[in-house]
Structures are given as structure tokens and as C-alpha cells.
Amino acid sequence: MAGTGKCLLVTGPPGVGKTTLIMRVFDMIRVSNPNLKIQGFYTQEMRERGQRVGFQVVTLDGRTSLLASSTVSSQESMTWPYVGKYKVDIASFESIALPELQVKDDTHLFIIDEVGKMEMFSPSFFPAALKVLGSNIPLLASIPIPKFGRDLPGAVARLKNQPGVTVITLSESNRDSMKEHIFDVFSGWLPKQ
Ligand SMILES: Nc1ncnc2c1ncn2[C@@H]1O[C@H](COP(=O)(O)OP(=O)(O)OP(=O)(O)O)[C@@H](O)[C@H]1O
């Protein structure tokens, strides 16, 4: 790994606003220069009748795929790993996330929300994220801090320690000012219109 990455890593407890922040910054960047080629995905809750029933991955151009579900009961899902009450559909996640992490000559920015426990069940995901980091293409990513202070998986902790990675810890009091700060940092890294 060359360690030349231009990466901001947003961390914070569940629900503090990581996805919201990243999507707001994404919108600001897109408006500032609509010609940028931005790859990546964000992770979104799935709700039915007010209850959370799973998570899906959404690409930045709006395609969706299942990440994990508490209601799936097919034969196929018998072997899927559990995180809490959710079964992780690794194949579905990989089908949409891995192509987004392909480093291409004309990519300006990667967004990965999030590098979490469910995503880490894919053996190909973390190596792909490290490749993005080593590509010197700017990267905005999020990593959750687990609720009960358990250690992050080793690989995730490693990402935080890569050279070129700046960690931003989000709280309710700094999340609005961080939006401007992160946008400013990326504006300095990205081509102007
Ligand atoms: N700056 C903000 N002002 C007001 N509400 C916010 C803000 N950021 C997030 N929220 C609200 O907080 C809730 C959680 O936000 P979000 O999903 O972005 O958090 P998260 O840190 O990504 O959560 P998770 O770790 O579970 O993925 C949402 O309902 C969102 O509308």
C-alpha cells in the first residue's frame, strides 16, 4: 500500500447522522461540479409498518440491493450469517457494491457508507476498499462505532490506521459544522468545474 490516500473516515455511534452527513456532502459536491464521476454506495434501513426489517445498499445512481433482512426465510438464506436478528445476503451486497469499488482511470471520488460488520462478511469487500484507498482517488467513508464499545473488527481498525486517512468523530453537536468542513476538504482534492 502506497499510503498516499486522500481519505476522510467518518465514525460515530449508530444513528448519530453519518449517512445523512455523507449524503449531504455528496449533494454539495455534485452541485459544485456536476461533471465529476463519483462511485460508491450508502446503506439504508428498510422498514415495514414502522418496524426495521433490514438494510439495503443504494448506489449513488440509485440502484438498490439487499444487504440484510430479519424476515427472509428462503432455503437459500439458511447459510447466511447473522448480525443480531438480521441475516446478511453477502451475494446480493457484493453484486452491487464490488463493481462500485472498481478503480477506474476516470473516477474522481469514492463514497463508502459504510465499512461495517455486515459488509465485512464479504471477503472481497475490505480488499476492494483498501485498493480504493491506495489509488490516491479521494475517498469519503464511514465506520460505525459499536453501541456497547466492543472492539472494531481488526480489518476495520486497520483502515483507520492507514496513512492518508483522517478520522472525524461525529456527534450531534458537530455534525452540521462538519458538513461544511468535509465539503471544503474535498473541494481542495477534486477538480473544479
Ligand atoms: N444533522 C442532522 N440534523 C437532524 N437530524 C439528523 C441529522 N443527521 C441525522 N439526523 C437524523 O438522525 C437519524 C439517523 O441518521 P443517520 O441514518 O444518518 O445516522 P447513521 O449514523 O448513519 O446511523 P447508522 O450508524 O445506524 O447507519 C435520521 O432519522 C436522521 O434524519
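All residue numbers refer to positions in the sequence shown, counting from 1. Just so you know, these numbers come straight off a predicted model, no measurement behind them. In listed order, ligands and their atoms are each counted from 1.
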Quick one about S69 and T71 (side-chain donor to acceptor, distance below 3.5 Å, no hydrogens or angles considered), yes or no?
yes
Quick one: list whatever passes side-chain hydrogen bond (donor to acceptor under 3.5 Å, both in side chains) with Q102, sequence neighbours left out.
none
Would F93 and F55 count as a ring-ring contact (aromatic ring centres under 6.0 Å, His included) if you check the C-alpha gap in whole Å, the side-chain angles of each, and the deciding distance to 0.1 Å?
CA-CA 10 Å; F93 167 68; F55 297 89; over 10 Å; no
How would you list, by chain and number, every residue that makes a side-chain hydrogen bond (donor to acceptor under 3.5 Å, both in side chains) with K85, sequence neighbours excluded?
none
Would the distance check show the side chain of Q39 and the main-chain N or O of E100 forming a donor-acceptor pair, the cut-off being under 3.5 Å?
yes
Heavy-atom contacts under 4.0 Å to ligand 1, chain-then-number order, include exactly P13, P14, G15, V16, G17, K18, T19, T20, R24, E114, R175, D176
Please table the atom pairs, donor to acceptor, closer than 3.5 Å between any side-chain atom in residues 19-27 and protein atoms at least two apart or in another chain.
| from | atom 1 | to | atom 2 | distance (Å) |
| --- | --- | --- | --- | --- |
| T19 | OG1 | D113 | OD1 | 3.4 |
| T19 | OG1 | D113 | OD2 | 2.8 |
| D27 | OD1 | R30 | NH2 | 2.7 |

